[in-house]
**Q** 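Quick one: this structure, given as structure tokens, is what I'll be asking you about.
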Amino acid sequence: MQHEVLRSLQAPLKDKYREDPASAQITLRAQGQLGDEVSCAVETGRAMVAAGLHPASGGNGLLACSGDMLLQALVACAGVTMNAVAASLRLKLRGASVSVEGDLDFRGTLGVDKLAPVGFTSIRLRFDVDGDLTEDERATLLKLTERYCVVLQTLRTPAEIAVEIV
């Protein structure tokens with residue numbers, strides 16, 4: 001996206017949020033429906049995704065794994081954020097790719113070892129950027145991508161989460 005196009009899209013929103021900070025407060029929602037075969041159909045806004053157990057916890061590998069979906073959300077957010085930052089800074093990228101890896105210990109997930117962690121123990125996010133950028137531009141691109149990536153920041157500083165059953 002061109003710098004001018006991005007700026008024209010974001011400028012009125014930035015002005016509005018400065019004038020009325022409450023208008024910047026948005027609630028995103030997600031929902032799903034429990035299904036057969038230890039699955040959950042998740043509405044993505046584009047299509048339904050059937051999520052199920054990872055093969056390491058008894059799944060057959062045919063359904064989306066929520067851990068994979070979390071990492072995919074990180075890749076998507078980081079990629080979009082980097083693209084927006086590059087456009088804002090007028091950096092000319094010929095291309096870029098984003099990859100992520102996350103380590104899990106399924107002993108915790110399956111309750112095999114009560115001391116084993118449940119969830120990712122480490123996540124590695126990598127950008128492969130092709131462009132004629134100086135080291136300072138590369139550093140700024142990375143710093144601002146990290147700063148403004150919603151999913152990355154949420155993983156780094158977890159949100160307060162309320163859980164209930166009704």
**Q** Can R94 and D132 be said to form a side chain to side chain contact (heavy atoms under 4.5 Å, CB included), step by step?
**A** CA-CA 8 Å; R94 285 186 289 275; D132 297 322; 3.0 Å; yes
**Q** Do you know which two heavy atoms are closest between D105 and A116, and how far apart they sit?
**A**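 Closest approach of D105 to A116: OD2-CB, 3.9 Å.
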**Q** What's the spacing between D15 CG and D20 CG if we round to 0.5 Å?
**A**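 It is 12.5 Å, given to the nearest 0.5 Å.
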**Q** Side-chain contact test, heavy atoms from C-beta onward, threshold under 4.5 Å: evaluate it for Q72 versus M69 and give yes or no.
**A**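 Yes; the side chains approach each other to less than 4.5 Å.
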**Q** Does the side chain of L141 reach to within under 4.5 Å of the side chain of M82, using non-hydrogen atoms?
**A**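 They are in contact (side-chain heavy atoms under 4.5 Å apart), so the answer is yes.
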**Q** Looking at residues at least two apart in the chain, or sitting in another chain, which of them share a ring pair (Phe, Tyr, Trp, His ring centres under 6.0 Å) with F120?
**A**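 F120 satisfies ring pair (Phe, Tyr, Trp, His ring centres under 6.0 Å) with no other residue.
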**Q** Taking all heavy atoms of L6 and all of A84, pick out the closest pair and write down the distance.
**A**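 Looking at all heavy atoms of both residues, the shortest contact is CD2-O, 3.3 Å.
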**Q** Give the minimum heavy-atom separation between E164 and V166, together with the two atoms involved.
**A**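 Smallest heavy-atom distance, with atoms named: OE1-CG1, 3.6 Å.
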**Q** Could you tell me the separation between the CG atom of L133 and the CG atom of L89, rounded to the nearest 0.5 Å?
**A**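 So the gap between those two atoms works out to 10.0 Å.
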**Q** Do the side-chain N and O atoms of S122 and D103 include a donor-acceptor pair separated by under 3.5 angstrom?
**A**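 On atom types as modelled, these side chains qualify, holding a pair under 3.5 Å.
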**Q** Kindly say whether H54 contributes a backbone atom to a donor-acceptor pair with the side chain of S57 at under 3.5 angstrom?
**A**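 Between the backbone of H54 and the side chain of S57 there is a qualifying donor-acceptor contact (under 3.5 Å).
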**Q** Where do C149 and L74 come nearest, in terms of heavy atoms and distance?
**A**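 Minimum heavy-atom contact is SG-CD1, 4.3 Å.
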**Q** Could you check whether any side-chain N or O of Q153 sits under 3.5 Å from a backbone N or O of E146, counting only pairs where one atom can act as donor and the other as acceptor?
**A**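 Yes, because the side chain of Q153 sits within donor-acceptor range (under 3.5 Å) of the backbone of E146.
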**Q** Same hydrophobic cluster for V80 and L70, using side-chain heavy-atom links shorter than 4.5 Å among ILVMFWY?
**A**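 No; tracing contacts between hydrophobic side chains, which count when under 4.5 Å, never links both residues.
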**Q** Do Y17 and S23 come close enough that some side-chain heavy atom pair is under 4.5 Å?
**A**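 A side-chain contact under 4.5 Å exists here.
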**Q** If you draw a 6.0 Å radius around CD in Q33, do more than 12 non-hydrogen atoms from other residues or ligands fall strictly inside?
**A**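 Counting neighbours around CD of Q33, 12 or fewer heavy atoms of other residues, nucleotides or ligands fall under 6.0 Å, so no.
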**Q** Does a side-chain heavy-atom distance below 4.5 Å link R124 with V100?
**A**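 No, side chains not in contact.
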**Q** Once you round to the nearest 0.5 Å, how far does CG of L144 lie from OG1 of T81?
**A**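 That separation rounds to 10.5 Å.
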**Q** Any link between L155 and V118 through a network of hydrophobic side chains (Ile, Leu, Val, Met, Phe, Trp, Tyr) touching at under 4.5 Å?
**A**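 Shared cluster, no.
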**Q** If we ignore hydrogens and angles and just use 3.5 Å, is the side chain of H3 paired with the main-chain N or O of S88 as donor and acceptor?
**A**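 Yes: the side chain of H3 pairs with the backbone of S88.
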**Q** Could you check whether any side-chain heavy atom of L104 comes within less than 4.5 Å of a side-chain heavy atom of T121, counting everything from C-beta outward?
**A**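 Counting from C-beta outward, L104 and T121 never come under 4.5 Å.
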**Q** Is there side-chain contact between D130 and L93, with at least one heavy-atom pair below 4.5 Å?
**A**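 When only atoms from C-beta onward are counted, L93 and D130 do not touch, as no gap falls below 4.5 Å.
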**Q** Verify the neighbour count for atom CZ of R7: are there more than 12 heavy atoms of other residues, nucleotides or ligands below 6.0 Å?
**A**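 Not more than 12 within 6.0 Å, no.
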**Q** Do L125 and E101 have side chains that get closer than 4.5 Å, going by heavy atoms?
**A**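 With C-beta onward as the side chain, the pair stays apart.
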**Q** Measure the NZ-CG distance between K14 and L9 for me, rounded to the nearest 0.5 Å.
**A**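 Interatomic distance, K14 NZ to L9 CG, rounded to 0.5 Å: 11.5 Å.
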**Q** Decide whether L71 and V75 are clustered together by the hydrophobic rule: side chain heavy atoms of Ile, Leu, Val, Met, Phe, Trp, Tyr closer than 4.5 Å, transitively.
**A**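 Cluster IDs for L71 and V75 match.
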**Q** Looking at R90 and E4, is there a salt bridge between them, counting it only when a charged N and a carboxylate O are closer than 4.0 Å?
**A**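 Salt bridge flag = yes for R90 with E4.
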**Q** Between E137 (side chain only) and T134 (backbone N and O only), is there a donor and an acceptor less than 3.5 Å apart?
**A**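 A pair under 3.5 Å: yes.
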